[in-house]
S.K.: 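Quick one: this structure, given as structure tokens, is what I'll be asking you about.
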Amino acid sequence: MGKISDFFARLKKVKHIELIVGATVIVIVLAVYFSLASCSSDGGTKNATANADVDNLDYCTAMRVRLEKIVSEIDGVGDASVIINWDRSVSTSLSGGTENPKATGVIVVCKGGNSTKVKLDVIYAVSTLLDLSIEKIMVYPKS
């Protein structure tokens with residue numbers, strides 16, 4: 001019992017212990033938050049292709065792969081690359097599970113991106129799939 005009393009006596013002598021404890025708690029909370037983030041900043045696996053088994057990918061990567069595949073199939077689009085920006089806040093549903101993140105913006109680069117008709121077709125397809133307003137979707141021509 002003497003060792004515990006000595007430990008707490010030494011602990012009380014440390015100046016600004018509350019700042020040290022607070023900083024430690026913040027570091028732990030941030031580490032847990034970033035380790036549990038539902039999507040990595042590169043959208044998951046960098047080398048995922050439209051032919052990948054999307055069921056084995058995380059939600060963000062699977063949506064990007066599916067979107068690239070479906071956009072590429074639109075008449076006049078050709079080869080397409082997609083970047084999706086995701087809302088990083090993850091909420092918990094009433095059933096206790098986590099919900100998928102919400103897309104906040106999309107950039108599509110495709111061969112037919114210089115055609116107004118192709119741009120509109122791609123924008124409306126992406127808007128419908130991701131439930132995203134059309135002003136948050138940009139389509140550019142691929143060089």
Side-chain angles (χ1 to χ4, degrees), residues 1-74 77-116 118-143:
M1 195 72 174
K3 290 182 180 182
I4 295 175
S5 299
D6 290 340
F7 173 74
F8 283 116
R10 279 191 247 154
L11 196 59
K12 287 181 182 179
K13 292 180 183 178
V14 175
K15 291 184 179 183
H16 305 294
I17 188 70
E18 59 277 350
L19 294 177
I20 295 170
V21 171
T24 305
V25 168
I26 290 172
V27 168
I28 291 170
V29 167
L30 288 175
V32 168
Y33 172 76
F34 287 118
S35 69
L36 296 178
S38 65
C39 298
S40 62
S41 62
D42 67 351
T45 309
K46 289 183 179 179
N47 297 325
T49 63
N51 296 329
D53 182 12
V54 294
D55 294 331
N56 293 330
L57 302 174
D58 69 5
Y59 176 78
C60 297
T61 304
M63 287 304 295
R64 182 183 54 81
V65 169
R66 288 179 178 148
L67 192 56
E68 283 178 351
K69 184 176 186 320
I70 197 68
V71 165
S72 296
E73 293 176 7
I74 296 174
V77 171
D79 184 39
S81 299
V82 175
I83 296 176
I84 305 172
N85 191 29
W86 298 100
D87 181 4
R88 296 288 184 227
S89 63
V90 179
S91 61
T92 304
S93 66
L94 294 176
S95 62
T98 58
E99 296 176 6
N100 290 325
K102 174 98 171 101
T104 59
V106 176
I107 295 177
V108 178
V109 180
C110 60
K111 289 190 177 181
N114 51 1
S115 163
T116 303
V118 169
K119 281 185 180 184
L120 288 174
D121 289 344
V122 170
I123 287 171
Y124 287 121
V126 172
S127 173
T128 301
L129 180 65
L130 296 176
D131 191 27
L132 194 61
S133 60
I134 60 173
E135 67 270 3
K136 295 185 178 188
I137 304 165
M138 302 301 295
V139 179
Y140 297 102
K142 190 176 255 189
S143 58

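For the numbers below, each heavy atom of this structure counts, side chains included, while hydrogens, waters and symmetry mates do not.
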S.K.: Excluding sequence neighbours, so at least two apart, what forms side chain to side chain donor-acceptor pair (under 3.5 Å) with Ser81?
M.R.: Lys142
S.K.: Are any of the side-chain heavy atoms of Val139 and Val118 separated by less than 4.5 Å?
M.R.: no
S.K.: As an exercise, state the distance from CZ of Arg64 to CG of Asp58, rounded to the nearest 0.5 Å.
M.R.: 9.5 Å
S.K.: Which pair of non-hydrogen atoms, one from Cys60 and one from Trp86, has the smallest distance, and what is that distance?
M.R.: CB-NE1, 3.4 Å
S.K.: Could you tell me which non-hydrogen atom of Asn114 sits nearest to which non-hydrogen atom of Pro141, and how far apart they are?
M.R.: N-CB, 3.7 Å
S.K.: Under the side-chain contact (heavy atoms from CB on, under 4.5 Å) test, which residues partner Thr116, sequence neighbours left out?
M.R.: Leu120
S.K.: Hey, could you give me each pair passing salt bridge (Lys or Arg N to Asp or Glu O under 4.0 Å) that has a residue in residues 119-128? Not counting sequence neighbours.
M.R.: Lys117-Asp121
S.K.: Sequence neighbours excluded, which residues qualify as side chain to side chain donor-acceptor pair (under 3.5 Å) partners of Glu18?
M.R.: none
S.K.: Applying side-chain contact (heavy atoms from CB on, under 4.5 Å), name anything that partners Thr24, two or more places apart in sequence or on another chain.
M.R.: Ile20, Ile28
S.K.: Partners of Lys111 by salt bridge (charged side-chain N to carboxylate O under 4.0 Å, His left out), sequence neighbours excluded?
M.R.: none
S.K.: What pair of heavy atoms forms the shortest contact from Ala80 to Val108, and how long is it?
M.R.: CB-CG1, 4.5 Å
S.K.: Could you pull out all donor-acceptor pairs under 3.5 Å where a side-chain atom in residues 123-132 meets a protein atom, sequence neighbours excluded?
M.R.:
{"from": "Ser127", "atom 1": "OG", "to": "Leu132", "atom 2": "O", "distance (Å)": "2.6"}
{"from": "Thr128", "atom 1": "OG1", "to": "Tyr124", "atom 2": "O", "distance (Å)": "2.8"}

S.K.: After noting the C-alpha distance and the side-chain angles of Val82 and Val106, does the key distance pass the side-chain contact (heavy atoms from CB on, under 4.5 Å) rule?
M.R.: CA-CA 7 Å; Val82 175; Val106 176; 4.0 Å; yes
S.K.: Does a side chain donor of either Asp87 or Thr104 reach within less than 3.5 Å of an acceptor in the other side chain?
M.R.: no
S.K.: Distance check, rounded to the nearest 0.5 Å: Ile84 atom CD1 versus Thr61 atom OG1?
M.R.: 9.0 Å
